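All remarks here apply to the structure that follows.
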Amino acid sequence: MTHISLKNKLSTNSNLLIVTDKFSNEKELSLPSELSAYITNELKKENTKTLSLNHLGRYISIVIVNQKEELNPLKEKIRKHAASVTDAINSLHEKEVVIYNQSNLHDLSLAAAEGMALANYQFKHHVTNSKKQLHTLKNITVVSLTIKQTEIDQLNIVTEATCKARDLVNEPVNILNASKLADAFKTMGKQAGFKVEVLNKAKISKLKMGGLLAVNAGSVDEPTFSIMEYKPKNAKNKKPIVLVGKGVVYDTGGLSLKPTPNSMDLMKCDMAGAAAVGCAMYAIAKAKLNIHVVALVPATDNRPGFNAFAPGDIITMMDGSTVEMLNSDAEGRMILADALHYAKRYNPELTIDIATLTGAAAAAIGSFGIVGMGNAKPTQKEKLLNSGFNVHERIAEFPFWDDYDELMKSDIADQKNIGGPYGGAITAGKFLAKFTDYPYYHLDIAGPAFLTGKDSYRGKGGTGYGVRLFFDFIKSL
Ligand code: BES
Ligand code: MN
Ligand code: ZN
């Protein structure tokens with residue numbers, strides 16, 4: 001874990017990231033005069049916006065910002081630059097770095113610390129003798145007179161929670177099955193202070209969660225249904241916000257088997273939605289935000305074994321409706337449907353689900369954002385979309401027109417579980433909306449949840465997408 005701390009004074013000789021609108025070697029900074037002259041001179045050169053140097057073993061990086069630019073893209077620029085500083089610090093085997101901000105935008109100090117901490121993430125605990133590979137950066141210090149300690153505390157919490165989500169996503173199914181995922185939520189509940197109840201297969205059967213049971217039918221491992229609740233005494237909301245996460249711990253496609261290369265081999269990530277809601281709960285509870293939040297995670301692997309459901313099967317869902325299941329690879333919506341129906345008992349203010357649901361979403365916008373849609377209230381949508389920009393987990397809103405409902409109609413049951421060849425991300429959302437009776441929003445993270453190559457502070461593998469989004473959104477309520 002990388003720790004971020006706050007100081008009101010700069011100490012000499014530390015590794016430095018200087019964020020500035022106009023570099024000046026002010027008194028507190030007091031760089032050696034020949035170094036300051038060199039920096040000033042270099043920054044005069046046209047189009048020089050960043051400068052990094054190693055001065056007698058001390059790493060110094062300067063990034064020039066134009067304060068007139070829009071804040072959110074600026075924050076993202078800083079996160080990315082800060083990530084490159086993390087890489088440099090680690091390659092120099094250094095432990096500490098200080099962020100010093102000469103601009104008036106104090107959010108940029110926070111963005112820098114966030115980018116650094118997230119870039120410092122590693123998933124190495126299965127590497128025996130990993131010592132030589134481990135990052136050396138341990139402490140990030142923000143020097144500021146205006147930033148509050150609570151802002152730093154929250155930043156530590158949310159970056160830690162994001163890294164926890166990455167860990168869960170990166171664990172393969174032989175290590176993290178549905179039961180282990182539920183155990184992880186229990187541990188996080190104890191650590192952060194929220195309630196976790198886990199329903200086992202017997203209870204899931206009793207509740208007639210037909211969708212979850214159908215997907216689990218081809219598996220040796222039992223399904224789980226995790227119910228997490230954080231209800232602070234001073235909650236501002238009367239009705240809870242409910243978060244639902246897809247917990248397919250591995251998606252083979254079932255009998256509609258996926259091909260291996262670049263497809264099934266990435267499918268340990270199919271519980272990224274579950275990781276996002278569980279770790280968002282962790283952050284929300286640990287930061288003691290005053291909002292009542294419930295999170296639901298239906299979890300199972302999707303395999304072609306035993307009585308695996310066969311394309312053509314008709315499944316009776318928990319809400320009593322029927323689904324003609326024509327493709328066992330459209331399994332996420334089957335388990336989410338039961339969870340969305342279960343959510344009705346909370347009479348939610350708003351329910352948001354998050355899922356690695358469709359290749360169509362990834363095909364449409366790639367890994368640069370989330371595909372969103374739903375019938376939440378305009379004010380709720382606005383806040384959620386805003387949070388997306390704040391944390392740079394942007395939501396591209398897709399249409400949610402009634403016409404798409406037609407594509408899910410079945411001749412022999414209430415719905416099919418697949419639509420036609422087009423609009424696949426939307427028909428999936430439409431299928432889910434049938435199981436809701438409250439303001440609802442659907443987030444498809446199939447694109448950004450898991451990267452096959454490093455992208456700045458989002459390394460290769462699980463990104464933890466959704467955790468920072470939900471934390472910012474709940475904070476905004
Ligand atoms: N888990 C996949 C979606 C996915 C694809 C996630 C790529 C991450 C990266 C989902 O269960 C799936 O297989 N969806 C099918 C639905 C189709 C059969 C209607 C798809 O997108 O191909
Ligand atoms: Mn699938
Ligand atoms: Zn899936």
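This structure is a prediction, so every number in the text was calculated from the model and none was measured. Order of listing sets the numbers, starting from 1, for every ligand and every atom in it. Both backbone and side-chain heavy atoms feed into the values below; hydrogens, waters and symmetry mates do not.
Without hydrogens or angle criteria, Arg394 side chain to Phe368 main chain gives a donor-acceptor distance under 3.5 Å. Formation of a donor-acceptor pair under 3.5 Å by the Lys246 side chain with backbone atoms of Leu336 is not found in this model. Between the side chain of Asn90 and the backbone N or O of Thr136 there is at least one donor-acceptor pair closer than 3.5 Å.
At a heavy-atom cutoff of 4.0 Å, ligand 1 is contacted by no atom of Met334, backbone or side chain. Residue contacts with ligand 1, taken as heavy atom pairs separated by less than 4.0 Å, involve Asp329 via backbone and side-chain atoms alike.
Protein atoms that are N, O or S and lie under 2.8 Å from the Mn ion (ligand 2) are these: Asp251 OD2, Asp329 O, Asp329 OD1, Glu331 OE1.
Using a 4.0 Å cut-off between a side-chain N of Lys or Arg and a carboxylate O of Asp or Glu, Lys434 and Asp405 qualify as a salt bridge.
For the residue pair Asp329 and Ser256, no side-chain donor N or O sits within less than 3.5 Å of a side-chain acceptor on the partner. Under 3.5 Å, the side chains of Asn174 and Tyr250 contain no donor-acceptor pair of N or O atoms.
The residue from Asn417, Leu357, Ile445 that puts a heavy atom closest to atom 3 (C) of ligand 1 is Leu357. Nearest-residue assignment for atom 17 (C) of ligand 1 (options Ala330, Gly273, Ala361; heavy-atom criterion): Ala330.
Vertex the Zn ion (ligand 3); arms to Asp251 atom OD2 and Lys246 atom NZ; angle 170° (nearest 10°).
For the Zn ion (ligand 3), the N/O/S atoms of Asp329 include none lying under 2.8 Å.
Atoms of ligand 1 found under 4.0 Å from any heavy atom of Thr356, numbered from 1 in the order shown, are 1 (N), 2 (C), 3 (C), 6 (C).
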